[in-house]
Amino acid sequence: MASRRLSSLLSRSISSTLSLSQGQGSGGLWRGSNRFSAAAALEEPVTPPVQVKYTQLLINGQFVDSASGKKFPTYDPRTGEVIAHVAEGDAEDINRAVAAARKAFDEGPWPRMSAYERSRIMLRFADLVEEHSDELAALETWDNGKPFDQAAKGELPLFVRLFHYYAGWADKIHGLTVPADGPHHVQTLHEPIGVAGQIIPWNFPLIMFAWKVGPALACGNTVVLKTAEQTPLTALYVAKLFHEAGLPPGVLNVVSGFGPTAGAALAGHMDVDKIAFTGSTETGKIILGLAAKSNLKPVTLELGGKSPFIVCKDANVDQAVELAHHALFFNQGQCCCAGSRTFVHESVYDEFLEKSKARALKRTVGDPFRKGTEQGPQIDEEQFNKILKYIKSGQESSAKLECGGGRFGSKGYYIQPTVFSNVQDDMLIAQDEIFGPVQSILKYKELDEAIRRANASKYGLAAGVFTKDLDTANTLSRALRVGTVWVNCFDVFDAAIPFGGYKMSGMGREKGVYSLSNYLQVKAVVTPLRNAAWL
């Protein structure tokens with residue numbers, strides 16, 4: 001049931017778009033919705049149905065104040081007002097958290113208990129999250145600005161599914177027996193790597209928690225997690241639930257704080273055995289440098305993207321418009337794999353453009369707690385201003401602004417759904433990761449041209465392909481230099497599907513069986529055989 005709810009909300013497939021076009025027409029589902037209506041934005045914000053319970057650091061199983069006693073505000077992006085003041089961790093707090101994680105790994109029960117018992121604790125945790133899912137979804141919406149329905153019906157079920165998935169892996173991690181050329185018995189052991197440092201972003205706080213904590217704990221490691229300073233609240237809540245499920249003290253430590261202080265201290269810590277980071281490419285480079293300069297710890301990076309979405313000449317335009325719209329505007333456009341370069345074949349370009357503009361104008365923008373809202377506010381003022389600067393850049397570079405382009409309402413960080421046409425490859429809006437609700441539509445003539453232009457990016461995280469032709473789909477899937485190619489669908493985030501990028505979109509893979517290798521060491525054990533009956 002959870003996976004079906006997730007699929008309907010977090011992904012758009014060709015079957016779902018078929019049902020839209022056959023049942024209601026391309027815009028029927030949104031009939032009667034506001035079109036950038038300022039009235040919607042001027043309504044009084046909905047009072048969130050949740051209270052903030054946890055604002056301290058979680059170290060060694062206990063909520064504690066930061067060593068400095070400092071706190072920082074976390075804001076409601078609907079209004080810019082303070083939700084709560086949260087403990088501000090720095091290098092001293094990271095030291096305390098790492099010490100707790102080290103002791104839990106070297107001396108504690110977590111890596112020494114049976115893998116089956118670890119899996120049972122993870123499953124109990126998933127059950128507790130499911131019991132508190134409405135409260136967690138409300139807290140995520142309040143702190144992040146994403147629509148409540150997206151959080152409640154999509155992201156919380158996925159969070160639970162991810163921990164079920166990794167709990168299932170816990171007792172299935174094993175090595176091999178390897179035949180040798182001489183009289184030796186050779187086996188490989190897959191051992192937990194030790195203390196894992198993890199730094200998660202603000203766009204999907206709970207999902208990124210699951211992507212990183214799930215495989216690390218399934219493999220028997222201990223964790224120090226640094227949350228994004230914009231969205232610290234839900235990680236503290238679920239970490240508390242993990243301890244209620246029976247997680248031993250020190251196994252999972254959560255430090256809220258800022259990148260240059262807490263994040264840098266974690267990445268450069270000499271007693272951290274592995275670092276995993278999701279965020280911008282620029283910060284990823286800093287993380288990699290800190291890891292290299294300290295103890296040369298291995299690094300997993302899931303970084304930025306500028307994903308192409310290629311609409312082929314045989315496409316059903318209504319379906320392609322809806323899927324391309326979802327690929328870009330999902331989560332307010334704050335998605336690393338967003339289909340932010342929409343390449344459309346010249347034979348269907350004009351029709352696609354007009355229908356994309358109409359779809360953007362029908363997009364429901366407003367309070368994310370209101371039912372029917374498709375798009376909430378951007379995360380904060382910094383991101384809000386960055387997006388508006390990119391929109392101005394597009395206008396100044398002779399791209400045509402088809403709709404949107406400005407602030408929505410007068411309060412909070414809402415931006416109108418924006419569509420540009422006549423976009424050229426050398427424009428900033430076609431090159432940089434905007435991370436906002438700005439769709440850039442580009443025209444192409446030949447498939448080889450689309451491949452060349454799609455690959456002419458420093459990023460390589462994901463791509464979308466929309467076509468009825470299997471040969472075309474296969475050609476594009478193999479030619480595009482990206483970590484994920486979605487054919488006639490987009491944003492399908494099943495727990496078993498690996499996710500990660502080529503080029504400057506990162507290194508390593510999250511999710512699926514491939515993510516386990518990020519948190520394991522492989523050891524070869526060789527012993528001589530005496531009078532062996534066989535080799």
Side-chain angles (χ1 to χ4, degrees), residues 4-36 146-147 149-150 153-154 307-335 337-345 347-365 372-376 402-404 416-421 423 436-443 462-469 472-473 476 484-493:
R4 289 198 296 272
R5 292 197 303 268
L6 167 69
S7 178
S8 67
L9 195 71
L10 289 190
S11 65
R12 290 291 187 270
S13 66
I14 191 167
S15 59
S16 65
T17 49
L18 274 170
S19 66
L20 282 176
S21 62
Q22 292 171 353
Q24 295 176 300
S26 61
L29 187 61
W30 296 273
R31 190 175 291 115
S33 61
N34 295 302
R35 301 189 179 195
F36 304 170
K146 65 180 67 216
D149 277 354
Q150 176 186 320
K153 298 178 182 178
S307 300
F309 184 97
I310 300 175
V311 179
C312 299
K313 61 184 178 181
D314 63 345
N316 178 305
V317 174
D318 287 339
Q319 295 172 16
V321 164
E322 183 58 36
L323 192 60
H325 180 88
H326 166 79
L328 186 281
F329 289 101
F330 174 62
N331 205 52
Q332 292 72 251
Q334 297 170 152
C335 194
C337 58
S340 51
R341 291 183 294 153
T342 308
F343 289 96
V344 183
H345 190 270
S347 64
V348 294
Y349 181 89
D350 291 340
E351 180 184 1
F352 182 94
L353 175 60
E354 287 306 308
K355 290 183 175 180
S356 293
K357 175 181 175 180
R359 177 64 182 92
L361 287 167
K362 292 176 182 176
R363 187 166 182 81
T364 311
V365 184
T373 295
E374 295 178 279
Q375 181 177 316
E402 297 286 345
C403 66
Q416 296 171 348
T418 299
V419 176
F420 278 106
S421 65
V423 179
V438 182
Q439 184 177 29
S440 297
I441 303 179
L442 304 92
K443 184 188 296 186
V465 171
F466 202 90
T467 180
K468 299 175 184 176
D469 186 81
T472 299
L476 286 166
T484 299
V485 178
W486 285 297
V487 179
N488 297 333
C489 60
F490 209 88
D491 285 346
V492 180
F493 291 117

Partners passing side chain to side chain contact (heavy atoms under 4.5 Å, CB included) against Thr373 (at least two apart in sequence or in another chain): Arg370
Partner residues of Phe329 under the ring pair (Phe, Tyr, Trp, His ring centres under 6.0 Å) criterion, sequence neighbours left out: His325
Value rounded to 0.5 Å, distance of OG1 in Thr418 from NZ in Lys357: 12.5 Å
Gap separating the CZ atom of Arg341 from the CG atom of Leu442, nearest 0.5 angstrom: 8.0 Å
Spatial distance of atom CG (Leu328) from atom CD1 (Ile441) [nearest 0.5 Å]: 9.0 Å
Residues in side chain to side chain contact (heavy atoms under 4.5 Å, CB included) contact with Asp350, at least two apart in sequence or another chain: none
Minimum heavy-atom distance Asp491-Cys335, with the two atoms named: OD1-SG, 4.5 Å
Minimum side-chain heavy-atom gap Leu353-Val344 below 4.5 Å: no
Partners passing side chain to side chain contact (heavy atoms under 4.5 Å, CB included) against Ala462 (at least two apart in sequence or in another chain): Ser307, Cys337, Thr484, Trp486
Side chain to side chain, Pro147 and Gln332, heavy atoms closer than 4.5 Å: yes
Carboxylate-amine/guanidinium proximity below 4.0 Å for Glu374 and Arg359: yes
Closest non-hydrogen atom pair, Val487 against Ala473: CG1-CB, 3.9 Å
Polar side-chain atom of Asp314 near backbone of Asp469 as donor-acceptor pair, under 3.5 Å: yes
Any residue meeting side-chain hydrogen bond (donor to acceptor under 3.5 Å, both in side chains) with Glu351, in chain and number order, not counting sequence neighbours: Lys355
Test side chain to side chain contact (heavy atoms under 4.5 Å, CB included) applied to Ala324 - qualifying residues, sequence neighbours left out: Phe309, Thr342, Phe352, Gln439
Student check: side-chain heavy atoms of Leu476 and Cys312 closer than 4.5 Å: yes
Nearest-0.5 Å distance that lies between atom SG in Cys403 and atom CZ in Phe420: 9.5 Å
Spacing of CZ belonging to Phe466 relative to NZ belonging to Lys468, to within rounding of 0.5 Å: 8.5 Å
Backbone N/O of Thr467 and side chain of Asn488: donor-acceptor pair under 3.5 Å: yes
Inter-residue atom distance Lys313.NZ - Thr472.OG1, 0.5 Å rounding: 8.0 Å
Val419 versus Ala360, closest heavy-atom pair with distance: CG2-CB, 3.7 Å
